[in-house]
Amino acid sequence: MKKVLIYSLLALTFVMSCRKSDNPILPKNLAKVPAPLLSIDTTGNQTISGQNPDSFTGKVVIASYYGNADLNGAKFNAVVIRNGDASNVKTLKTGITSFPTTVTVTGTELHTLFGTPIVVGDFFDIGADVITQDGTVYPAFSTGPGTLYSAGILSQPGFNPTVRFTAICQFTASAYGAFGVPTPYVVQQDDWADYHPGDVVNVTVIDATHMSFKYLANNAQPIIIVINPGTNATSVNSQVIGDYGAPFGNFSVVSVPGSNSAVTPCNLGIGVTLHFTESKGTDFGNGTIKLVKQ
C-alpha cells in the first residue's frame, strides 16, 4: 500500500471483534494511481510581486513520487485554483506524460485565466489531475468531502502534491530612491512632533537593507533604519540623533518592534517606532514616524 495514491468514495468501518467474520474486507474497487510530486523551480520567481503581479514568472516541476515505473499509461494535467476555491479550477497544461517536466506560469496568464487582476494577498495553488489509462480522472482539487490522498502517502517523506505562489509586496531598496541620493518623502505621522503630516523629509537609501533620515535636532545625526527584506520589518540600533539645546543633553533613540516598525512596499512607505531618551536621564517614551515616498 505504500506505493499507491488511493482515491475512494467508500467509507471503511472497522469494528473491533474477536470473531473471524468481523475482520474488515477491503473494497475491490480501490484505485491505484500515480502520486503527483510538485516543487517550485528556484530559477523562477518564488512569490508574486504585489506591485507588478503581471511580471510574475513561476516554474513548477511536476514528477511522479514513486518514479515513472508506476505510471501505467497515466498522464497528468497541471491545474490551478485561486484563494483556495476548488470550485473554480483552471488548466495550465494538459497531457503531461514525460516526468519530471517543468511548467511555466506567468502573472498575465493567471490574470487572464481568472478574469481579474491579481492583488496583494491572493494565492494560487497548483496541482496535477491524474488521468489513468482507462480515462478516469482523479482531480488535484475537489469540493467533495474527505481527503484525496491516503494517510499512507501523505505521511511519506518529501511528498508534496501541490505548490503555492502568493502575491506580496516585496521590498526593493532601489524603488525607494537612488543609492546615496536624498529623496523627498511626505510625513504621514510623527509622534515626536518635529514634523507634521504633509511635511517633506529627505530619506537616503544607503544600500539594499539600510536607509536614513534626520530629525530637526541640533547637530542632527542620520537615523539609520535597518530593513529585513524577508519580513519587511524595520529596526534602529541605539544611537544619538542630536540635541535640542539647554537644559537637555544629547537625545538617543532605539527601535521598538511592532506592526508600525515596517516598510510597506506597495505604497513605498517607511515606518518605525522609536524609544526616546536623553543623556541626563529623562525618558520620553515611544513615538512612531511614518513616511511615504513623494
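For the single chain, residues carry numbers from 1 onward in sequence order.
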Name all residues meeting the ring pair (Phe, Tyr, Trp, His ring centres under 6.0 Å) criterion together with Phe165; count only those two or more places apart in sequence or in a different chain, and write none if there are none. Phe56
Are the side chains of Thr209 and Pro229 in contact, using a 4.5 Å heavy-atom criterion? yes
Which pair of non-hydrogen atoms, one from Leu113 and one from Leu92, has the smallest distance, and what is that distance? CD1-CD2, 3.7 Å
Relative to each other, are the rings of Phe251 and Tyr244 parallel, tilted or perpendicular (30° and 60° limits)? perpendicular
Which pair of heavy atoms, one from Pro34 and one from Ala74, lies closest together, and at what distance? CG-CB, 3.8 Å
Specify the closest pair of heavy atoms between Gly249 and Asp243, including all atoms of both residues, with the distance to one decimal. O-CB, 3.6 Å
Heavy-atom donor-acceptor pair, Gln294 side chain to Val200 backbone, under 3.5 Å: no
To the nearest 0.5 Å, what is the distance between CG on Asn260 and OG1 on Thr288? 4.5 Å
Of Thr234, Val263, Val203, which meets side chain to side chain contact (heavy atoms under 4.5 Å, CB included) against Ile225? Thr234
Exercise: do Lys90 and Asn88 side chains pair donor with acceptor under 3.5 Å: yes
Do other residues, nucleotides or ligands put more than 12 heavy atoms under 6.0 Å from Gln133 CD? no
4.5 Å side-chain heavy-atom contact, Leu110 and Arg82: no
Asn202 versus Pro184: any side-chain heavy-atom pair under 4.5 Å? yes
Side-chain donor or acceptor of Asp190 paired with backbone N/O of Tyr195 under 3.5 Å: yes
Nearest heavy-atom approach of Asp194 to Ala217 is OD2-N, 4.1 Å
Check whether Val253 and Val226 end up in the same hydrophobic cluster, where Ile, Leu, Val, Met, Phe, Trp and Tyr are linked by side-chain heavy atoms less than 4.5 Å apart. no
Closest heavy-atom contact between Ser212 and Ile224? CB-CD1, 3.8 Å
Describe, in one word, how the ring planes of Tyr185 and Tyr176 are oriented to each other, choosing from parallel (under 30°), tilted (30 to 60°) and perpendicular (over 60°). parallel
Kindly work out whether a path of hydrophobic side-chain contacts (I/L/V/M/F/W/Y, heavy atoms less than 4.5 Å apart) joins Val272 to Phe284. yes
Would a hydrophobic clustering, with Ile, Leu, Val, Met, Phe, Trp and Tyr connected at side-chain separations under 4.5 Å, put Ile168 with Val80? no
Do Ile206 and Tyr215 share a hydrophobic cluster (ILVMFWY, side-chain heavy atoms under 4.5 Å, transitive)? no
For residues Thr277 and His275, determine if any side-chain heavy atom of one lies less than 4.5 Å from a side-chain heavy atom of the other. yes
Phe124 side chain reached by Ile118 side chain, heavy atoms, under 4.5 Å: yes
Is any side-chain heavy atom of Ile48 less than 4.5 Å from a side-chain heavy atom of Asn45? no
The side chain to side chain contact (heavy atoms under 4.5 Å, CB included) partner of Val89 among Thr143, Ile81, Asp125 is Ile81
Side-chain donor-acceptor contact under 3.5 Å, Asp191 with Gln189: yes
Counting C-beta onward and ignoring hydrogens, is there a side-chain heavy-atom pair between Thr57 and Thr104 closer than 4.5 Å? yes
Treating Ile, Leu, Val, Met, Phe, Trp and Tyr as nodes and any side-chain heavy-atom pair under 4.5 angstrom as an edge, say whether Ile131 and Tyr65 lie in one connected cluster. no
In terms of side-chain heavy atoms, does Thr264 have a donor or acceptor partner in Asn267 at a distance below 3.5 Å? yes
Side-chain heavy atoms of Ile223 within contact of Ile289, under 4.5 Å: no
